Amino acid sequence: LDEISLEGVDLDFSWCSNITTKGMIHIVNFLCSLKSLKHFGLKINHCTEITDEGFNWPLDRSLSSLESINLGFKGCSQLTTEGINFVLREITRLHSLRSLTLELGENSYLDDQTLGKLAKEIGNLRLLNELNLGLGWCSLITNRGLELLTKGISTLLSLKILSFDFRCCYMISDEGMIHLSEIISPLEFLNSLEINLAGCPLISENGISYLVKGLKDGKLLLKTLSLNFSWCQEITNTGVELLMKGLKNLIALESLSIELSRINSITNDVFKALDMDIISMDSLVQLELSIMDCKFITEEAITEFKKKHE
């Protein structure tokens, strides 16, 4: 192994139910033997036999030159806050780290306080350029969790890429959008933003207005924006209109993706707002709009909208 000079490794053992804590330790020891690594990815999603003991990693002593880490721990039923803290303590000692992806969804231990501790640790990585945080289906996360997240990562002012996945965190409401807005608005170097709130039924057009305020009030030069509000039944055509009017302020925006699938309150009138505001977005070169299974959208309206923007 001393002769191996790999700079990047991605390993995916998701759903491998026979991998135990002992196996996990062997995997990490292998990774830590690759002294030249600048990137490593490790996914053990739904590996239910791995306990906290398998997460005591000596990263800062072995892989001090790491620049990028991608970890997937979704659905690891024996993992607790203690195990996550083991990993994060090591990660936050990696002063060369520029990109961090954490997939922690579908874990019952992940509540507001855990999210707050996690955010505080991540906030120590002040030179981080990219943060992707996946917390989908974590049903214990509330608006309080987003408030703690805001406080924890408020130091990450160098972020260029930011992604949050809160899909099916059904206790997040419009108030949570205020906290997300507070995270976004100071990030003047941000180029790419993705927020997934699909299946959060308490979010309405009020929440959209709070989010838009963060986009408008900041000094953002966003080039790419992706927003997912699918299954958010409180959002109406008015909410989409508010969103589009706010996005007109993003003068550098080149790529826009909006998902509004399976929202019964979205009707053909939504295309009026889209028509008026897309025309005024001079920098926009790519638009992705998903309105799958919206019962009151007709084929005729889609065809007409398509013809106008071909």
Side-chain angles (χ1 to χ4, degrees), residues 98-99 101 128-133 150 153-154 156-167 177-198 203 205-230 232 235-261 263 266 268-292 294 297 301-310:
R98 296 295 180 270
S99 175
T101 297
L128 209 61
N129 292 326
E130 178 176 359
L131 175 62
N132 304 296
L133 191 57
T150 303
I153 67 172
S154 61
L156 303 182
L157 298 179
S158 299
L159 285 175
K160 295 180 180 179
I161 300 172
L162 179 61
S163 174
F164 291 128
D165 184 352
F166 294 110
R167 75 184 80 182
M177 299 303 96
I178 297 175
H179 302 308
L180 288 181
S181 175
E182 290 170 347
I183 293 174
I184 296 165
S185 58
L187 301 177
E188 57 184 291
F189 300 109
L190 197 64
N191 288 326
S192 176
L193 174 64
E194 179 177 359
I195 301 177
N196 190 337
L197 294 158
I203 293 175
E205 48 248 35
N206 291 328
I208 287 181
S209 67
Y210 297 143
L211 187 61
V212 165
K213 188 176 187 300
L215 295 171
K216 289 169 59 178
D217 291 351
K219 301 176 181 179
L220 301 180
L221 291 174
L222 273 180
K223 292 185 177 180
T224 303
L225 177 62
S226 177
L227 300 172
N228 191 339
F229 296 109
S230 297
C232 296
I235 291 176
T236 65
N237 298 330
T238 302
V240 179
E241 184 177 355
L242 287 169
L243 175 63
M244 296 306 298
K245 287 187 182 302
L247 296 184
K248 287 195 296 185
N249 294 279
L250 300 178
I251 58 173
L253 192 65
E254 297 176 358
S255 176
L256 174 62
S257 174
I258 303 174
E259 294 199 42
L260 301 165
S261 297
I263 302 179
I266 298 292
N268 287 339
D269 288 341
V270 75
F271 292 112
K272 295 179 182 178
L274 291 169
D275 275 335
M276 293 174 60
D277 294 308
I278 288 173
I279 291 171
S280 62
M281 298 172 74
D282 296 334
S283 61
L284 195 67
V285 294
Q286 181 175 353
L287 172 67
E288 295 181 16
L289 175 65
S290 176
I291 48 175
M292 183 177 64
C294 290
I297 297 287
I302 294 173
T303 302
E304 185 179 349
F305 178 75
K306 184 181 178 181
K307 284 180 178 178
K308 288 182 179 178
H309 299 282
E310 282 180 340

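Predicted, not measured: the structure shown is a model, and the values here were computed from it.
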Note to self: Can you confirm whether L211 sits close enough to L227 that some side-chain heavy atom of one is under 4.5 Å from a side-chain heavy atom of the other?
What the structure shows: yes
Margin query: How close do L215 and L220 get, counting heavy atoms only, and between which atoms?
Written below: CD2-CD1, 3.8 Å
Item checked: Which atom of N268 lies closest to which atom of I297, heavy atoms considered -> OD1-CA, 3.4 Å
Check: Please walk me through it: do I208 and V240 pass side chain to side chain contact (heavy atoms under 4.5 Å, CB included)?
Finding: CA-CA 8 Å; I208 287 181; V240 179; 5.8 Å; no
Notebook entry, point to check: Does the S261 side chain pair with the main chain of M292, one donor and one acceptor, at a distance under 3.5 Å?
Noted result: yes
Checklist line | K248 NZ: over 12 foreign heavy atoms closer than 6.0 Å | finding: yes
Note to self: To check you understand the geometry: which heavy-atom pair defines the closest contact between N191 and L221, and what is its length?
What the structure shows: OD1-O, 4.0 Å
Notebook entry, point to check: Within a reach of under 6.0 Å around CG of L287, are more than 12 heavy atoms found that belong to other residues, nucleotides or ligands?
Noted result: yes
Check: Nearest heavy-atom pair of N129 and S158: which atoms, and what distance?
Finding: OD1-O, 3.4 Å
Check: CD1 of I203 to CG of L197: how many Å apart, nearest 0.5 Å?
Finding: 4.0 Å
Checklist line | Contacts of S181 that satisfy side-chain hydrogen bond (donor to acceptor under 3.5 Å, both in side chains) - sequence neighbours left out | finding: none
Checklist line | Distance in Å, K160 NZ paired with E130 CD, rounded so as to fall on 0.5 Å steps | finding: 11.0 Å
Note to self: When you compare the side chain of N228 with that of R167, does any pair of heavy atoms fall below 4.5 Å?
What the structure shows: no
Margin query: Among N237, T238, T236, which residue satisfies the side chain to side chain donor-acceptor pair (under 3.5 Å) criterion with E205?
Written below: T236
Notebook entry, point to check: Is any side-chain heavy atom of F271 less than 4.5 Å from a side-chain heavy atom of I291?
Noted result: yes
Check: Is there a side-chain contact between L133 and D165, using heavy atoms and a 4.5 Å cut-off?
Finding: no
Note to self: Please check this pair: side chain of S283 against backbone of I251, looking for a donor-acceptor N/O pair closer than 3.5 Å.
What the structure shows: yes
Next item on the list: Considering non-hydrogen atoms only, spot the tightest contact between L225 and L250 and give its length.
Entry: CD2-CD1, 4.2 Å
Margin query: Test side chain to side chain contact (heavy atoms under 4.5 Å, CB included) on V212 and L242; report intermediate values, then the result.
Written below: CA-CA 8 Å; V212 165; L242 287 169; 5.5 Å; no
Next item on the list: Supply the atom-to-atom distance S163 OG to N196 CG, rounded to the nearest 0.5 angstrom.
Entry: 8.0 Å
Check: What distance separates L180 CG from F164 CZ, expressed to the nearest 0.5 Å?
Finding: 6.5 Å
Checklist line | Closest contact, heavy atoms only, I183 versus P186 | finding: O-CD, 3.2 Å
Checklist line | Euclidean distance, I184 CD1 relative to L162 CG, rounded to 0.5 Å | finding: 7.0 Å
Note to self: Does any part of the side chain of M244, heavy atoms only, come nearer than 4.5 Å to the side chain of L256, both counted from C-beta?
What the structure shows: yes
Checklist line | Distance in Å, S226 OG paired with E259 CD, rounded so as to fall on 0.5 Å steps | finding: 6.5 Å
